[in-house]
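Since the structure comes first, as structure tokens, the remarks are kept for the end.
Sequential numbering from 1 along the given sequence is applied to the chain's residues. For ligands, and for the atoms within them, numbers begin at 1 and follow the listed sequence.
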Amino acid sequence: MRKIVVLGSSGSIGTQTLDIICNMKMDVCVKGLSVDSNIEVLKLQIKKFKPSAVSVNNFAKSQILKKWCISNSIELSVYSGPSGLERLAEMPDVDMVLVAVVGSVGLKSTIAAIESKKDIAIANKEVLAMAGSYIMKLAAKNGISVFPVDSEHSAIFQCCIGEKKSQIKKIILTASGGPFYRYDKSFSQITVGEALSHPTWKMGEKITIDSATLMNKGLEAIEASVLFGVPVEKVEIIMHPQSVLHSMVEYIDGSVIAQLSSPDMRLPIQYALTYPERLPSNVKPLNLSEVGKLEFFKPDFNKFPCLGLSYYAAKKGFTMPSAMNAANEVAVEAFLNKEIRFTDIAKIVKKTMHAHTISKKMSLDSFIEADFWARHYARKLIN
Ligand code: MG
């Protein structure tokens with residue numbers, strides 16, 4: 001039986017993961033769960049999965065949960081704050097940690113899990129974008145595996161099984177394009193409501209805005225480069241509005257291998273949990289004659305400047321992706337709070353990156369410092 005910890009259990013990936021474990025009657029034991037503040041969802045999950053520890057980021061909510069556990073005679077360790085995530089990540093008698101928290105907050109817990117020799121299922125692209133090469137080196141040193149949960153990266157992973165990394169010519173990362181690839185009005189007029197309505201995927205707010213600016217795809221290009229050990233120049237982005245073909249790998253002989261399925265996150269989540277096994281799933285079978293056509297076209301780097309910024313950050317390397325990611329997190333939050341316009345997101349990220357002095361130390365502290373600095377700098381720009 002596989003024993004797992006789910007960090008971010010009330011979010012979109014977290015709840016789908018627990019649904020799969022339950023519905024598929026998988027041989028998986030849930031040892032730990034974490035939420036930011038949604039203790040109502042957590043209470044239901046505690047009753048269903050009986051974990052031995054949980055963490056609630058919000059301290060006041062963690063105290064309410066503790067009282068609830070006592071009055072319901074539930075024996076459970078309740079942690080709080082960022083250190084709570086690390087406590088869960090280090091729990092003994094756990095084989096895998098699913099990192100489904102959003103943003104750079106997942107960095108320290110991912111590292112804690114790797115250092116305590118647990119396999120990682122990673123749904124958090126910010127962590128890999130900000131400190132990917134550091135994390136992959138640490139994973140190799142500790143002899144653990146990092147399984148992608150992102151649909152594109154799960155596709156690439158599947159296209160690489162049994163192949164040699166040195167024979168990859170390029171990775172072709174598909175992008176649905178989000179709501180605006182055919183938008184003909186001025187991008188500066190885009191409202192929060194428009195940006196939050198994604199045509200194919202139902203996701204959390206931060207990633208939905210990133211999908212609208214295509215920063216999500218930029219972060220995914222960095223993520224792919226890190227996970228599969230190829231330079232970012234060999235990662236090509238292609239628009240594919242049907243979201244049926246989840247990515248491809250082209251090999252040196254000209255063969256292109258792709259993975260296709262109905263767009264449903266339950267599939268990549270399940271595969272990360274069961275690899276190398278495949279189990280039957282509830283995902284709608286792919287009916288290509290019903291889909292009719294699969295379209296592909298080049299992305300517009302002028303309309304979506306976040307793409308170019310991501311490639312620039314990846315090429316500069318070291319702390320630049322960390323600074324870019326932090327500035328983006330701050331700018332997206334400001335856009336959601338209606339402090340800035342849609343087009344200001346890329347402007348703030350770009351200005352922050354230009355002001356950033358790269359540190360070449362390659363230590364955890366240098367990534368965290370860059371993140372901290374960029375957050376303050378971006379915040380100042382917004383104010
Ligand atoms: Mg994705």
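One distance of note links CD1 of I209 with CG of L336; it measures 4.5 Å at 0.5 Å rounding.
The aromatic ring centroids of F372 and H376 lie less than 6.0 Å from each other.
Each of H153, E223, E220 was checked for a side-chain hydrogen bond (donor to acceptor under 3.5 Å, both in side chains) with K125, and the lone residue meeting it is E220. None of E163, E236, E250, E233 except one satisfies the salt bridge (charged side-chain N to carboxylate O under 4.0 Å, His left out) rule with K169; the exception is E250.
Within E152, OE1 is the N, O or S atom that lies nearest to the Mg ion (ligand 1). Per residue D150, closest N, O or S atom to the Mg ion (ligand 1): atom name OD1. The minimum distance between the Mg ion (ligand 1) and any N, O or S atom of E220 involves atom OE2.
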